[in-house]
Each structure stands twice: as structure tokens, then as C-alpha cells.
Amino acid sequence: MRIARCAGHRKFSCDGLCQALNPVQNTGEIPPGARVDGPSGLAERGLVALYLERRAALVRFFTTRTGSASEAEDIVQDIYLKIAALDAAEIENPTAYLYRLGTNVMLDRVRTRRRAAARDDAYGQASVTRSGGESVEEAPSAEDAVAARQGLTRLLAALAELPDQTRRVFTMHKLDGLSYAEVATELGVSRSAVEKRMMAALRRLGELDL
Amino acid sequence: MTTPEDPALSGAAQDAAAWHARLASDDATEQDFLEFEQWLADPLNRATFDRIEAALLDLEADPQAARRALSGPDAAPAAGNVTPLRPRRRPAMVVGAWIGAAAAAVAAVFVALTVLDPSDYGRTDYVAAPDSDRVFALPDGSSIHLNRGAAVTVDWRRDERRITLTRGEASFDVRHDSGRPFVVQVGDDEIRDLGTEFNVLSTRDALEVTVREGAVQVTTPLASEPQDLQAGTAITIDRAAGSVAVESVDPDAAFAWTAGRLVYDNATLAEVAADIARYGAAPVTFAEPDLAALTFSGVLEIDDAGMMAERLAGFMGLRADVNGDGIRFSRAQ
């Protein structure tokens with residue numbers, strides 16, 4: 001399995017994996033002892049083997065999803081790091097699990113980028129010093145800030161208008177972090193009813209800005 | 001509620017919502033993802049799906065506002081993961097009146113008769129259990145995220161917000177209030193918020209402060225002047241060595257624990273072992289001293305200390321023996 005060597009600034013996930021599994025520079029082959037013969041033995045082998053089989057499909061999926069092949073590569077690397085820490089024996093539907101893991105990785109990366117952008121605009125700082133010591137002039141855009149606030153206001157207003165049960169399901173699933181099954185049990189409805197409610201809420205979100 | 005004029009857009013929103021809801025389900029299948037991938041190929045579909053995702057991320061920025069918007073007479077109760085501060089009540093304090101009786105010249109007369117509102121002030125202790133981290137919301141909108149086993153005392157005063165970190169690691173998201181400084185105290189060291197998001201790690205021998213957003217000012221007996229830290233820098237105060245070091249860092253690594261992970265870039269096993277030891281009650285040792293100098297780069301999921309040690313050992317081709325006396329790394333035979 002080929003792992004691209006990541007150069008440039010410190011992105012821990014990609015650089016970390018390269019360094020750990022790349023004792024010979026730039027070839028990217030995993031040394032046989034590195035992962036597959038972990039303490040969980042058979043289970044880890046199973047999930048890693050599945051990952052290797054599906055790797056190309058995962059890269060293709062996340063390339064479509066993010067619009068960037070290099071982003072997809074980074075995401076799929078991170079999936080590998082995460083499954084290494086896993087006891088795979090309990091996972092039903094392991095392939096779907098890999099896709100879900102990757103989706104979480106993708107969203108975490110988006111969150112980090114958003115935070116970095118927000119950090120640069122925050123506190124009206126006229127200049128931001130980067131770790132290399134260079135200063136970058138960045139005046140925060142007043143229009144962007146206002147637009148963001150108005151967008152959030154519209155979003156909140158849309159949520160407030162949703163029917164009671166829909167609001168309840170959305171709160172429990174998205175804000176309280178309950179699974180569909182847990183929400184269903186809590187409210188005494190079927191899982192598909194929960195899914196339909198989420199769909200109704202998400203549809204409203206999707207229709208904003210149109 | 002405005003509905004879009006264009007049925008194609010409306011259809012895309014409906015489908016995007018359906019896909020989003022389907023894939024968030026625990027029983028989504030590989031087939032679902034593959035069919036979703038095909039649906040995503042159409043740029044309109046992808047744009048609509050992205051809009052839903054962006055809206056959900058926007059909500060994450062202000063979950064309290066989201067909760068308020070979503071609440072109504074039938075609202076679901078808030079989850080137990082975020083606990084509002086409930087200070088112990090103190091009797092109202094009256095700050096006395098001073099009268100400076102000087103002669104003709106400058107007679108300063110302070111009449112400070114203030115009744116402090118007991119509902120906001122007081123001291124409270126917060127502790128995170130050894131097996132879970134906790135987030136606490138403070139009355140001013142700031143929040144404290146305690147890592148496993150950490151403990152703080154919050155001293156909420158009219159003119160100061162003082163937090164004492166008695167043990168462990170915490171990250172702070174501070175709402176700036178120039179009239180009311182936010183100060184974190186660890187032993188003799190003080191971290192003064194200048195409007196920030198920062199992480200504080202207190203171990204037996206050292207204090208490490210990493211700033212993600214804004215700036216803090218750190219005072220320590222080991223440095224002659226207060227140290228101003230901007231975003232993207234960290235200070236390490238090593239009490240054992242008596243040294244203070246400031247360096248540029250990627251702050252997300254220091255905050256990775258808040259997402260349940262520890263991130264390492266060329267760290268020695270000794271360093272990683274010291275971190276793992278903080279998540280368990282027992283010491284971590286090496287059968288041979290040269291093992292401690294091996295380097296590790298990667299990501300460890302935070303878990304029970306024994307589990308973390310076993311995964312690390314597996315990764316490194318070593319062996320970890322975990323028992324009641326502690327954790328021991330040795331060469332795999």
C-alpha cells in the first residue's frame with residue numbers, strides 16, 4: 001500500500017502516519033510488523049484488510065464528496081490511523097463504518113479550517129503573526145461578519161418555525177447526540193419515523209438561501 | 001416559510017435532506033454510500049448537500065442559541081454533558097463606606113456601598129471523573145472543558161473571574177470582559193486571559209499553556225516579567241528544571257484531547273508513556289531504557305490507560321504488560 005509522503009507545514013495526521021510507517025524515506029510500504037499483528041490480532045487484521053480492499057473506493061468517494069483528491073487522500077490516511085486504535089470485533093457493517101469514520105474525519109477537518117479562519121478575523125486584529133515569524137495584514141471584513149450573523153439569525157428563525165416533534169427530534173439527535181435508535185426509544189416511535197423527522201428539519205435547512 | 005420557486009431546487013433540497021438523514025442512521029449500508037456517491041456527481045445535488053452540512057456546522061458555533069431557537073413548550077431537556085455553574089450561595093456582602101478625612105487639599109471620599117448579587121458569586125469546585133471528561137458553562141458565556149481526572153475551583157467575584165486548576169488539564173473558552181479579568185491560577189503561576197481560547201496542562205513537574213485564539217498573559221516566579229502569548233504559541237514552565245520556554249506550535253495538537261485524541265509528532269516513548277500514565281492511576285515503565293527513546297508519530301485515541309498502552313505497543317512492535325502494579329513496555333519476543 002502506497003502512502004504519499006507529506007511535506008510542508010505540520011499537519012499531524014498525515015505527517016504522523018508517514019513518519020511512523022516510513023522508516024525508508026518516500027517508499028511508503030508498511031513494514032510487516034507495524035500494524036497487522038497488533039494485540040487484537042485477528043480482528044485488527046480483518047478491519048485493516050477490509051480497509052486495504054476498499055481504500056480506492058474510499059478515496060474516490062471522498063474526492064467526489066470534497067472536490068479534492070488530495071483532501072480525500074488525507075482523509076483516507078486518517079481513517080487508517082483511527083482503525084488502528086480499534087477493536088474491530090464488535091462492528092456490524094464494517095464497510096459502512098469506514099465511510100462514516102471518513103465522514104467524521106472530513107467534518108473535523110472542515111471545523112479546524114473554519115476555526116482557523118475565524119481566529120484570523122477575531123478581535124479586530126489588523127495583523128496576524130504566523131509561526132514562521134512573518135506578519136500578514138488581514139483586516140476583518142465587516143460585510144462578512146454581518147452576513148454571517150444574518151445567516152445564523154435566519155437559520156435559527158427557520159429552526160424555531162419547525163413543528164414541535166420535528167424540533168424535538170432534531171434537538172435530541174443533533175444537539176444531545178442521541179442515535180436514531182435512542183431517540184426512537186425515548187419518544188416511543190419507530191426509527192424510520194425519527195429519520196423522517198430529521199429529513200423534514202434538514203430539508204428546511206437546505207431550502208435556506210434559495 | 002418561503003418555498004423555492006424552482007421545482008428542481010426544491011427536489012434537490014428534498015433529496016439532499018433524505019440522503020443526509022439516511023447516512024446519519026446507524027444502519028446505513030455500503031450500498032447507501034455508493035448510491036449517494038452517484039447522486040453527488042450532479043453539482044446541484046452536491047451544492048445543496050453542502051448547504052445543509054454548512055448550516056449544521058454553523059449551529060455548532062452557538063449551540064446555546066440553537067437550543068433556545070429549538071425550545072418550546074414541548075422541548076426535550078438539555079443533555080447532561082454541559083453543566084451550568086451553580087455556585088453555592090453566600091450571604092450578601094456589603095462593601096463598607098470609606099471616608100477620607102483630609103483637610104483642605106485632596107479629600108478622597110469613597111462611598112462604596114455595594115450589595116453583591118449572591119446569585120452570581122461564590123466558589124464552586126468542579127471535578128471530572130477518571131473515566132470521562134466534562135464541559136461546564138459559566139454564567140458569562142465562557143466554558144471550561146475538564147479532561148479526565150482534572151479538578152478546578154471557580155471563584156466568581158464581581159471584579160474578577162478566578163479559576164484555580166488544582167489538578168490535571170483543562171481548556172478554556174473565555175468571553176472577554178475587560179472590567180472583569182479571567183485568571184487561571186496553577187500553584188504560583190497565573191494565566192490572565194486577554195480574550196481567548198487556551199489550554200492548560202498541569203503535571204507534577206511542569207505547566208504547559210497553549211493559546212489557540214486571542215492572547216493570554218502568564219506570570220510565573222520563574223520569569224522576571226509577565227509573558228504575553230499570542231495564538232499559536234505555547235509556554236512550558238518546568239518547575240523541576242526551573243526553566244521557562246516559549247515556542248510556536250500548532251495549537252490543535254494541544255487541544256486534540258478535547259476531541260478524544262492525543263496527537264504526537266516525533267515524540268519519545270517516554271513522553272507518550274508519561275501522558276498515558278496521566279490517564280491511569282499506575283506508573284508506566286520500560287523493561288529496557290533504550291525503549292523509552294524510541295520515537296512515535298501518530299494519533300492515540302484517549303481511553304483506559306491499559307488499552308492505550310496496548311495499542312501503542314502493537315503499533316510499535318513492542319509488548320505491553322498491564323496489571324495492578326502498572327504498565328510495562330518491553331521488546332516483543
Side-chain angles (χ1 to χ4, degrees), chain A residues 10 12-13 15-17 19-20 33-35 38-39 61 64-65 81-82 84-85 93 95-96 99-100 103 108 110-112 114 119 122-123 129-131 151-152 155-157 159-161 164 167-168 170-172 174-177 179-181 191 195 198-199 202-203 205-210, chain B residues 1 3-4 9 13-14 16-18 20-22 24-26 28-30 33 37 40-41 48 51-52 55-59 62-63 65-67 69-70 72 74-76 79 195 212-214 230-232 248 250 252-253 259 263-266 296-301 310-311 313-315 317:
Chain A
R10 292 161 75 181
F12 284 100
S13 53
D15 275 345
L17 179 59
Q19 291 211 297
R35 178 101 53 198
F61 174 85
T64 305
R65 181 73 195 87
L81 277 177
K82 282 178 166 298
N93 229 330
T95 308
Y99 280 90
R100 268 213 301 282
T103 302
D108 278 346
V110 173
R111 288 181 185 109
T112 303
R114 280 181 160 220
R119 177 165 73 227
Y123 307 107
T129 307
R130 306 229 183 264
S131 60
L152 187 60
L155 175 52
L156 296 175
L159 287 179
E161 286 170 355
D164 284 353
R167 276 189 279 122
R168 213 173 189 177
F170 187 89
T171 302
M172 291 171 80
K174 281 294 173 193
L175 296 184
D176 297 345
S179 69
Y180 283 1
R191 275 206 284 194
E195 187 174 326
M198 279 306 302
M199 194 172 89
L202 297 169
R203 178 184 178 164
L205 297 187
E207 285 169 351
L208 288 172
D209 290 328
L210 290 178
Chain B
M1 191 152 112
T3 35
L9 292 175
Q14 169 121 347
H20 206 289
R22 175 94 281 267
S25 167
D26 284 343
T29 63
E30 178 190 4
F33 279 96
E37 186 178 351
L40 269 184
T48 313
R51 187 162 43 243
I52 293 181
L56 291 171
L57 288 173
D58 287 342
L59 285 180
D62 199 345
R67 254 180 224 285
L70 287 159
D74 299 316
R212 179 147 75 179
E213 219 172 276
Q230 307 295 324
S248 293
D250 178 344
D252 288 329
V263 179
Y264 298 99
D265 184 10
N266 244 351
F296 168 70
S297 294
V299 177
L300 272 185
E301 297 280 325
E310 276 175 7
R311 286 175 200 147
F315 188 103

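Chain naming here is simple, since letters A, B, ... match the order of the sequence lines and numbering starts at 1 in each.
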**Request:** Mind telling me whether B/Phe33 and A/Tyr99 have parallel, tilted or perpendicular rings, with 30° and 60° as the class edges?
**Result:** parallel
**Request:** Using modelled atom types only, decide if a donor and an acceptor are shared between the side chain of A/Arg203 and the backbone of B/Ala13 within a distance under 3.5 Å.
**Result:** no
**Message:** So for A/Leu159, is it side chain, backbone, both, or neither that comes closer than 4.5 Å to the heavy atoms of chain B?
**Reply:** both
**Per-residue contact mode, A/Leu152 against chain B (heavy atom under 4.5 angstrom)** = side chain
Could you tell me the separation between the [atom1] atom of [X] and the [atom2] atom of [Y], rounded to the nearest 0.5 Å?
X        : Y        : atom1 : atom2 : result
A/Thr112 : B/Arg212 : OG1   : CZ    : 7.5 Å
A/Met198 : B/His20  : CE    : NE2   : 8.0 Å
A/Met199 : B/Gln14  : CE    : CD    : 5.0 Å
A/Lys174 : B/Leu56  : NZ    : CG    : 5.0 Å

**Prompt:** For chain B, which of A/Arg111, A/Arg191, A/Arg100, A/Arg114 has the most heavy-atom pairs under 4.5 Å?
**Reply:** A/Arg114
**Prompt:** What residue, out of A/Ala157, A/Ala96, A/Ser179, A/Ala160, has the most heavy-atom pairs lying under 4.5 Å from chain B?
**Reply:** A/Ala96
**Item:** Contact winner vs chain A - B/Ala55, B/Ala18, B/Ser25, B/Ala28, heavy-atom pairs under 4.5 Å
**Value:** B/Ser25
**Request:** For chain A, find which of B/Asp26, B/Asp58, B/Thr29, B/Thr48 contributes the most heavy-atom pairs closer than 4.5 angstrom.
**Result:** B/Asp58
**Request:** Evaluate side chain to side chain contact (heavy atoms under 4.5 Å, CB included) for A/Leu156 paired with B/Leu59, printing each intermediate quantity in order.
**Result:** CA-CA 8 Å; A/Leu156 296 175; B/Leu59 285 180; 3.8 Å; yes
**Message:** Could you report the tightest heavy-atom contact between B/Ala21 and A/Tyr180, atom names first, then the distance?
**Reply:** O-OH, 2.6 Å
**Message:** To check you understand the geometry: which heavy-atom pair defines the closest contact between B/Leu70 and A/Leu175, and what is its length?
**Reply:** CD1-CD1, 3.7 Å
